[in-house]
Amino acid sequence: MAPIREPPAIGIDLGTTYSCVAVWQHNRVEIIPNEQGNRTTPSFVAFTDTDCMLGNAAKNQVAMNPTNTIFDAKRLIGRKFYDVTVQEDMKVCPFRIVQGEYGKPMIVVNYKGVQKLFTAEEISAMVLRKMKEVANTYLNANVKSAVITVPAYFDDLQRQATKDAAALAGLNVLRLMNEPTAASIAYRLDKKAGIRGETNVLVFDLGGGTFDVSLVTINKGRFEIKAVGGDTHLGGEDFDNRMVEYFVGEFNRKERKDISRNPRALARLRVACERAKRILSSTPLTSIEVDCLYDGVDFSSKITRAKFEELNMDFFNKCMETVQMCMEDAKWVKSMVSEVVLVGGSTRIPKVQQMLQDFFNGKELCKTINPDEAVAYGAAALAANLSGKGSQMIKKLTLVDVLPLSLGYKAFGEVMAVMIPKNTPIPVTIEHVVCSVFDNQTSFQITVYQGERSRPTDNIFLGEFVLSNLPLAPRGATKATIRFDIDADGIMNVSAEEPTTGQGNNITINKRRLTKDEIERMLEDARRYKVEDQEYEKKVDAFIVLEYYVYLMKTKLRDENIRKMLSNEDFLMMVDVVTNAMQWLHVNKLAEASEIEDKKKELEYVWNSVVGLGQSTASLYQMPRFSHITEFWELLRLAGAFACIAMLLAREKHVVDALHRA
Ligand code: AMP
């Protein structure tokens with residue numbers, strides 16, 4: 001009896017407009033063609049009075065049945081009905097979307113004469129099931145497991161919803177993989193022995209609906225994403241829409257007929273525009289012809305590549321700005337990029353290629369891997385890796401994800417103490433030791449934030465807990481170790497422990513993944529407020545130094561040896577100085593850094609003059625012998641510094657009084 005062959009795990013690129021499936025077989029990745037021999041399949045589902053169609057069959061009839069032909073489910077998956085992007089999509093979408101339970105967007109179709117509602121997960125599940133069937137036919141097997149790719153900026157909800165779709169399609173998800181990582185694996189496998197040492201790759205992925213830029217460092221089998229950026233709403237469909245708007249205007253001008261509210265006419269025009277767009281990637285001029293576009297009127301026109309570029313120039317510029325920002329995030333200069341890898345059908349647009357090449361000072365772009373297939377290729381390689389199959393190179397694959405924003409806690413003085421900076425590869429564990437900031441402090445509050453701003457409250461609050469029952473001890477003597485631990489799935493555990501008592505506490509933070517827009521906004525804020533934040537940090541630093549100085553003065557005045565060194569009058573004056581300084585600290589929390597520094601200089605003068613002239617702050621530790629106020633006065637005169645010091649000291653009435661008394 002022939003052994004039962006275990007079905008291989010497949011890789012699926014579940015795209016917004018097209019999907020692609022691949023498998024590791026015969027010692028290489030094979031892209032699996034569908035029943036029509038196409039290596040990519042439209043992510044379309046259509047409902048009619050008799051059928052539910054998928055892929056090419058669905059796409060081919062879109063113009064006849066626009067309101068019941070569903071595409072772009074990926075734009076809706078894991079989102080809420082009132083999300084800005086959903087509301088924006090609804091304006092241009094030919095099918096109806098309504099609000100369902102739990103605020104989910106529901107797609108309304110007419111199927112077999114009955115109105116039905118579908119979630120985006122259900123539609124995506126139909127696409128995934130189609131891709132699974134394509135693989136089953138090709139492999140003559142019943143595929144059970146897959147690696148499915150998602151945009152790098154998909155949040156937790158979108159990822160979870162994609163997993164739900166896979167479960168509905170009867171697929172066990174071995175791993176959800178970021179699309180650019182998959183593409184860089186394809187690039188690495190394509191190069192085979194061609195890469196020596198560390199290589200920095202920029203993956204430029206411009207597809208039908210999304211745009212992703214990723215900076216990836218490849219070292220042997222290790223793939224480390226250094227930075228990611230992009231736009232969840234930028235791609236070929238936006239370019240199509242611009243052309244549609246342009247021709248709607250032209251039709252209106254020529255025929256005095258407005259088709260902007262007619263879904264069927266718009267869908268037919270969109271199909272023609274998409275075709276024209278593709279042709280313009282290889283020729284400078286093309287024509288558009290749509291029979292009976294509206295009210296029995298035919299439409300015929302021409303468009304040049306230059307016009308197409310002009311219509312979309314703002315989108316293309318946005319792509320380059322994102323590349324620039326991503327490079328800045330990773331602190332890469334252009335010369336560090338060894339290879340620019342193109343992924344996604346829209347990277348075939350000559351203007352996009354030219355702008356990218358110009359950005360990299362004429363560098364040749366990597367076009368050896370197929371932009372439509374690279375993502376599925378990488379996913380299939382990972383699927384083989386995770387199921388213990390594949391070549392030596394596949395077995396050595398190691399993927400490293402990065403944090404999109406810094407993580408830290410609220411430190412004394414209301415500043416964000418960054419524990420793990422953004423773009424740090426995960427999993428990661430980092431420890432910091434913190435000290436008590438008051439005498440007899442019995443608890444530490446650990447408040448965790450995510451973001452780039454200096455003031456914790458300008459960042460995102462993630463959670464908090466208290467480490468209590470700490471032993472009584474002077475300020476600075478009680479210590480605790482704070483530990484941030486992030487696992488490969490992005491789940492964060494924060495713990496704190498006081499080592500002498502073993503007293504500990506912790507919190508698990510299942511970080512809500514931030515949307516790309518939120519991350520972009522926060523990074524933009526951090527850039528905009530950089531100077532303000534630096535000022536704030538300076539202020540906090542100065543305040544902490546002054547506070548510590550006053551605290552040391554107070555502690556030293558309690559020291560018997562010091563008391564003996566000082567006359568009663570000097571001692572009382574110094575107690576007065578410390579008391580007033582503490583009050584000053586209390587009411588001047590918002591003082592400027594320069595004011596705080598002046599205050600410290602002033603106190604140093606008094607302390608050094610009364611307790612140890614000529615000594616810096618260190619005198620507080622060393623306690624030099626110079627205590628008598630009369631000698632101090634004499635020395636001041638000798639030094640000729642009276643005027644200057646008196647001016648400084650005059651700022652505090654109690655000090656002046658003390659000097660008069662002296
Ligand atoms: P993807 O999401 O990667 O499958 O990319 C699909 C997008 O690529 C669609 O918007 C297509 O219209 C677009 N596309 C495919 N081929 C070309 C081409 N030759 N020129 C311009 N855009 C293209």
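Order of listing sets the numbers, starting from 1, for every ligand and every atom in it.
Within ligand 1, the atoms closer than 4.0 Å to a non-hydrogen atom of G207 are 1 (P), 2 (O), 3 (O), 5 (O), 7 (C), numbered from 1 in the order shown. Atoms of ligand 1 found under 4.0 Å from any heavy atom of I349, numbered from 1 in the order shown, are 21 (C). Close approach of ligand 1 to G344 (heavy-atom distance below 4.0 Å) involves ligand atoms 3 (O).
Residue contacts with ligand 1: S281 is placed with a nitrogen or oxygen under 3.5 Å of a nitrogen or oxygen of the ligand (distance criterion only). On a distance-only criterion, T17 and ligand 1 share at least one N/O pair closer than 3.5 Å. Checked by distance only, ligand 1 and L206 stay at 3.5 Å or farther apart across all their nitrogen or oxygen atoms. Ligand 1 has a nitrogen or oxygen under 3.5 angstrom from a nitrogen or oxygen of E274.
Of the protein's heavy atoms, Y18 CB, 3.5 Å lies nearest to atom 4 (O) of ligand 1. Residue, atom and distance of the protein heavy atom nearest to atom 19 (N) of ligand 1 are R348 CD, 3.5 Å. From the protein, the heavy atom lying nearest to atom 10 (O) of ligand 1 is K277 NZ, 3.1 Å. Shortest contact from atom 5 (O) of ligand 1 to any protein heavy atom: G345 N, 3.2 Å.
Ring planes of F239 and F315: tilted class, angle from 30 to 60°. Using cut-offs of 30° and 60° on the angle between ring planes, the pair F118 and F47 is parallel.
No donor-acceptor distance shorter than 3.5 angstrom exists from the side chain of N178 to the backbone of P180, with no hydrogens or angles considered. Although no hydrogens or angles enter the test, the distance criterion places no donor-acceptor pair under 3.5 Å between the side chain of R39 and the main chain of P33. For the pair S145 (side chain) and A9 (backbone), a donor-acceptor distance under 3.5 Å is absent. Judged by distance alone, with hydrogens and angles left aside, the side-chain atoms of T322 form no donor-acceptor pair with the main-chain N or O of G229 at under 3.5 Å. The backbone N or O of C292 lies less than 3.5 Å from a partner atom in the side chain of R268, making a donor-acceptor pair. Panel note: side chain D258, backbone S260; a donor-acceptor pair is recorded below 3.5 Å.
The shell of residues lying under 4.0 angstrom from ligand 1, judged by heavy atoms, excludes G15.
Checking G208, G236, C20 against atom 7 (C) of ligand 1, the nearest heavy atom belongs to G208.
Here the options are T137, T40, N56, the test is side-chain hydrogen bond (donor to acceptor under 3.5 Å, both in side chains), and the partner is N34; only N56 passes.
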